[in-house]
**Student:** 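Quick one: the structure is below, and I'll ask about it shortly.
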Amino acid sequence: MTALAEQRPAPADDASDEEGVVRQEARPEELRLLEALLFAASEPLDEAKLKERLPEGVDVRAALRALQAEYAPRGVNLVRVAGKWAFRTANDLAWLLSKDVVEPKKLSRAALETLAIIAYHQPVTRAEIEEIRGVSTSKGTIDVLLETGWIRLRGRRKAPGRPVTFGTSEAFLAHFGLDSISDLPGLEELKGAGLLEGGLPPGFSVPAPSDDPGLREDEEPLEPGDLDLTLGPPAERIESAGEGAGEE
Amino acid sequence: MTALAEQRPAPADDASDEEGVVRQEARPEELRLLEALLFAASEPLDEAKLKERLPEGVDVRAALRALQAEYAPRGVNLVRVAGKWAFRTANDLAWLLSKDVVEPKKLSRAALETLAIIAYHQPVTRAEIEEIRGVSTSKGTIDVLLETGWIRLRGRRKAPGRPVTFGTSEAFLAHFGLDSISDLPGLEELKGAGLLEGGLPPGFSVPAPSDDPGLREDEEPLEPGDLDLTLGPPAERIESAGEGAGEE
Amino acid sequence: MTAEDQPFEAQQAAVPADEPALIVDVEGFEGPLDLLLTLARQQKVDLTKISILALADQYLAFIEAARKLHLELAADYLVMAAWLAYLKSRLLIPTTGESEGPSAADMATALAFRLRRLEAIRAAAEALTARPQLGRDFFARGMPEPVTAVKRPEWSATLYDLLSAYASQRRKALARVRFAPRTVWSLAEARAVLERLVGSAQDWSRLDEFLIAYVVEPSMRATVFASSFAATLEMVREGHIEVHQDSAFAPIYVRKRVASDAPTGDGHAPMTAANDQ
């Protein structure tokens, strides 16, 4: 018995005995039994089962309703699931029970190429990227790059079809350890690094990139709806884009 | 701090209804979060973990104390287990809940005695267990205890033969509802009577049992192969030990 | 013989308190120390005040009885018996001067200590098992809600990856472009298309919308627009169509020229390209 008393968490050091009596009188014992049963149950319990377990004469339905009301404002609610009763984490606290797990991913070759073209040739439209790459760019590639947070929609080109223009973000600079976009190596440096070898055709050039946030003369601002339209799965994308953009 | 004071069980019997309303309105959001986290968890959570999951600036300890006081008169209590926190059904409701519990395999008398020796004398070697019991300990007994996940191999004693030392696990504390090893029943009496001393001439020092994961001076770490060698069915054992230690 | 897993009941049945050492069931004991403790309990005194001498006698009597019954005794029972016989003799014969090793009194004390310690740990084991236990007397949440892991991709690429992708891509594309024939929309082609398209449009329509089908290929875009615009101007000059644009870079609208010279019905006079010419 002493062991049992020890087990009980000390409610409040002062006058706990007298206290306990008062409160237990105020709250019917069946609510204690009910909450213990529902807490420990490994599956939702129906009223018949609860009635069977509780002492005779308990109005199970009334007790359930009282308990439900008591727990309604709490972090754990008493809910009815398919006619049975169970404690569940309050709906608005679902976020507490999810944990972000970082999943390392590598960019595909196509995505790397597209990213590089956006970096060097920004502001650049999808059609222009395709022109440079010589192959069409799948929507998925652009979506992945948007997900990385390394590219961003800059505006729209003042041209027929008003295509969206892409540029790099600050997160891009941060990830690749660049102080500014002009730190991207130019033609001579690429050659020096052995990345561009052999005879290059005359007139071959590598642009001097600029990620100036101000729109160019041939660009116009995005409209409010543009962000939603252009992107892939909305919820996830916005979240991860937000993470990337958070750096700015 | 005001929140904590408010949370304390109503000090007097006056107008408990009005009180209740006031309390629900004043109940800080962190108590909702805390109860949701602790209700949802399958293992006791320590304060560091809770702090990590709760919004910044929450006084976790104060909130825990408030929650403990709130739940003290209920059928579900907030208790400290192995230095961590968990909701458990109230001890006085065993009659209600144990009705359809499948009684787990009972430990033999030898196993129980061995468990007690490990708990009260830890860290302890098999030879020391045998010295206390005056009989040799079968490998089966140790294996059964390892299978429960309540004991663990701590290290090796720095002594001839470098025998393995045993101690209890968190699962042991959780199973017996102990906050720490110093809450073992009758520990003070045993210590006072000098019965925890290893050597025969009593009165030199009074060692207290310790399940501190840090090794003692006379212990050294296990080698990688030790775990496999000493144990029975390895997969199961590790799993059940993992259940206890999982939340660390 | 040590019979560790023997139920406790067997031991209790073994030695009724009133008939010590007469019923011999060594199977019930967990070793000589357990037997000694059981015998000691029969002295019904505090273990600190126990008579080791009397205890040794009882133990030896028990072993003697077991032998008479031809029970097999484990070696450790016999070792204990020999040790107790030695202790008994040392206790009975007064010590003469300095002797080697511990004194008989020390040995007796040590034995009493071990008995007390065994008894205490047994009491502790009982106290422990008397505690409420998880899953038997108190319970954890029956339906825990596990924390779900939300995977958040973390993209990685090195600057080297980026640059080498860019360089090799540019080289590849260049090699291809050099041999590709230049794609041009001739003025004649543009005019033929426009005549067909505008011919059916009575109202203002956007030029670029007319041409959407022809600019799917990115490389064609510039030439399509350039040739079409030139063709438009030519057709305006010839009086076949009208064209207007609200401001620079605004969409260009075209429509078939109405046969009469009546002003346009939509209220505002469009700036016609024809006027500009």
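Here is how names work: the chains are called A, B, and so on, in the same order as the sequence lines, proteins then strands, and each is numbered from 1.
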**Student:** Which one of A119(B), A116(B), A193(B) has the most heavy-atom pairs closer than 4.5 Å to chain C?
**Tutor:**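 Max contact count across the listed options: A116(B).
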**Student:** Which heavy-atom pair separates F113(C) from G194(B) by the least distance, and what is that distance?
**Tutor:**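 Closest approach of F113(C) to G194(B), heavy atoms only: CE1-O, 3.5 Å.
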**Student:** Going from CZ on R131(C) to NE2 on H175(B), what distance comes out if it is rounded to the nearest 0.5 angstrom?
**Tutor:**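 So the CZ of R131(C) and the NE2 of H175(B) are separated by 10.5 Å.
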**Student:** Consider salt bridge (charged side-chain N to carboxylate O under 4.0 Å, His left out). Of E128(B), E113(B), E131(B), which one does R117(C) pass it with?
**Tutor:**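 In the set E128(B), E113(B), E131(B), the residue that makes a salt bridge (charged side-chain N to carboxylate O under 4.0 Å, His left out) with R117(C) is E131(B).
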**Student:** Out of L128(C), D106(C), T129(C), which one racks up the most heavy-atom pairs below 4.5 Å with chain B?
**Tutor:**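 It is L128(C).
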**Student:** Applying salt bridge (charged side-chain N to carboxylate O under 4.0 Å, His left out), which residue pairs with at least one partner in residues 50-61 of chain C are found, sequence neighbours left out?
**Tutor:**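 Those involving residues 50-61 of chain C are D57(C)-K88(C).
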**Student:** Within the side chain of S42(B), is there an N or O that forms a donor-acceptor pair under 3.5 Å with the backbone of P144(C)?
**Tutor:**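 Side chain of S42(B) to backbone of P144(C): no pair is present.
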**Student:** Would you give the length of the straight line joining atom CG of L37(B) to atom CD of E145(C), rounded to the nearest 0.5 angstrom?
**Tutor:**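 The CG atom of L37(B) sits 11.0 Å away from the CD atom of E145(C).
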**Student:** Against chain C, label F39(B) side chain, backbone, both or neither, depending on which of its atoms sit under 4.5 Å from a heavy atom there.
**Tutor:**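 For F39(B), the contact with chain C is made by backbone and side chain together.
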**Student:** What's the shortest heavy-atom distance between G134(B) and P32(C), and which atoms?
**Tutor:**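 In this case the closest contact between G134(B) and P32(C) is O-CD, 4.0 Å.
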**Student:** Rounded to the nearest 0.5 Å, how far does CZ of F138(C) lie from CG of L93(B)?
**Tutor:**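 The CG atom of L93(B) sits 13.0 Å away from the CZ atom of F138(C).
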**Student:** Which atom names give the shortest non-hydrogen contact between P132(C) and N91(B), and what distance separates them?
**Tutor:**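 Result for this residue pair: CB-OD1, 3.4 Å.
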**Student:** Identify which part of I132(B) has an atom lying under 4.5 Å from any heavy atom of chain C, answering side chain, backbone, both or neither.
**Tutor:**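 Its backbone and side chain both get close to chain C.
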**Student:** As an exercise, state the distance from CG of L38(B) to CZ of R141(C), rounded to the nearest 0.5 Å.
**Tutor:**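 Between L38(B) CG and R141(C) CZ, I get 11.0 Å after rounding to 0.5 Å.
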**Student:** Using a 4.5 angstrom heavy-atom cutoff, name the option from L36(C), I121(C), L33(C) with the most pairs to chain B.
**Tutor:**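 Looking at each option in turn, the highest pair count goes to I121(C).
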**Student:** Between V147(C) and R53(B), which heavy-atom pair has the shortest distance, and what is it?
**Tutor:**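 Residues V147(C) and R53(B), closest heavy atoms: CG2-NH2, 3.1 Å.
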**Student:** Calculate, to the nearest 0.5 Å, the distance between atoms CD1 and CZ belonging to I117(B) and R122(C) respectively.
**Tutor:**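 Going from the CD1 atom of I117(B) to the CZ atom of R122(C) covers 9.0 Å.
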**Student:** Can you tell me how far apart CZ (F176(B)) and CG (D137(C)) are? Round to the nearest 0.5 Å.
**Tutor:**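 Going from the CZ atom of F176(B) to the CG atom of D137(C) covers 10.5 Å.
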